[in-house]
Structures are given as C-alpha cells and as structure tokens.
Amino acid sequence: QVQLVESGGGLVQPGGSLRLSCAASESLFSIDSIGWYRQAPGKQRELVSSSRRWGSTQYADPVKGRFVLSKDTAKNTFYLQMNSLKPEDTAVYYCYADRTNVHYWGQGTQVTVSS
C-alpha cells in the first residue's frame, strides 16, 4: 500500500505562486503513475496533471503553461508548482499514485486564490 502525505496549500493572491508537495511512502520507481487532481466546491474532481513512470507529463488545458509537475526520486516526493494563480484555481488539491491498477490518494490540501 502506498501512503501519500500532502503539504503546501494555503491562501495566495491572484498572480501568485504556490508549491504543493506529495511525499510517498515508497520509491517513485515502484509507482506506475503519479499526478494531481483538484475539486472545487460544487464541481467534480478533475485531473490537473499526470505523469507515467517512463512517460511524459500531461496537463489539463486550464493549467498548461502555469503549472509544473516535478519529482525528487531521492526523497520519494513529487511536486506541483503553481504559478500565475487565478481565482478559478481555488480547490482542494489531491495527489495520487497508481500501482498495479490500484489508485492511492493523498489527504487533500486547500488552495485558495483570492485578493
């Protein structure tokens, strides 16, 4: 079982930046894919970014050019760098990991973009 612990959410002004972290309990090399979802109030959870172990990273259209998913395999941690934040980015952000067709979730972290 893969355990994921998130950190880094908070309140930021429009145009600002935040970096979310997701620490995995096991090596990222043992995980098939990782990424981030978000869920805004009253909306369905949506995929923000995903990365397969040996593949490229994908981004949802609303965040392309602003968000970057990166990994630190030495720390078993991956990140979501969020730049040029907009009020519509306000949501609870969840990291996830897939391994052998089992999906694991982080606990979620609130990101609020407001002046």
Quiz prompt | Under 3.5 Å: donor-acceptor pair, side chain of Y96, backbone of S50 | solution = no
If you look only at distance, which donor and acceptor atoms sit under 3.5 Å apart when one is on a side chain in residues 31-41 and the other is two or more places apart or in another chain?
{"residue": "D32", "atom": "OD2", "partner": "T100", "partner atom": "N", "Å": "2.8"}
{"residue": "S33", "atom": "OG", "partner": "D98", "partner atom": "OD2", "Å": "3.3"}
{"residue": "R38", "atom": "NE", "partner": "E46", "partner atom": "OE2", "Å": "2.6"}
{"residue": "R38", "atom": "NH1", "partner": "D89", "partner atom": "OD1", "Å": "2.9"}
{"residue": "R38", "atom": "NH1", "partner": "Y93", "partner atom": "OH", "Å": "3.0"}
{"residue": "R38", "atom": "NH2", "partner": "E46", "partner atom": "OE2", "Å": "3.2"}
{"residue": "Q39", "atom": "NE2", "partner": "K43", "partner atom": "O", "Å": "3.1"}

What pair of heavy atoms forms the shortest contact from [X] to [Y], and how long is it?
X: G9; Y: L18; value: C-CD1, 4.5 Å
X: L28; Y: K71; value: CD1-CB, 4.0 Å
X: Y94; Y: Q107; value: CE2-O, 3.9 Å
X: N76; Y: S27; value: OD1-CA, 3.3 Å
X: S21; Y: T77; value: CB-CG2, 4.4 Å
X: Q81; Y: S17; value: NE2-CB, 3.9 Å

Self-check item: Test item: side-chain donor near acceptor, T112 and Q110, under 3.5 Å
Solution: yes
[Y] reachable from [X] in the ILVMFWY side-chain graph, under 4.5 Å edges:
X: V5; Y: Y79; value: no
X: V48; Y: V68; value: yes
X: V92; Y: L69; value: no
X: V12; Y: L80; value: yes

For the atom pair [atom1] ([X]) and [atom2] ([Y]), what is the distance rounded to the nearest 0.5 Å?
X: R99; Y: E26; atom1: CZ; atom2: CD; answer: 4.0 Å
X: S49; Y: K64; atom1: OG; atom2: NZ; answer: 10.5 Å
X: Q58; Y: R52; atom1: CD; atom2: CZ; answer: 10.5 Å
X: T109; Y: E6; atom1: OG1; atom2: CD; answer: 6.0 Å

Practice problem: Scan for ring-ring contact (aromatic ring centres under 6.0 Å, His included) pairs involving residues 2-29, sequence neighbours excluded, and state none if there are none. | Solution: none
Quiz item: Is there a side-chain contact (heavy atoms from CB on, under 4.5 Å) between C95 and L20 once you walk through the steps?
Solution: CA-CA 9 Å; C95 64; L20 306 182; over 6 Å; no
Quiz item: By side-chain contact (heavy atoms from CB on, under 4.5 Å), which residues pair with Q3, not counting sequence neighbours?
Solution: S25
Exercise. Answer yes or no: are there more than 12 heavy-atom neighbours, outside Q44 itself, under 6.0 Å from its atom CD?
Key: no
Self-check item: L85 and M82: CA distance, side-chain angles, deciding distance, side-chain contact (heavy atoms from CB on, under 4.5 Å) verdict
Solution: CA-CA 7 Å; L85 283 161; M82 306 185 293; 3.8 Å; yes
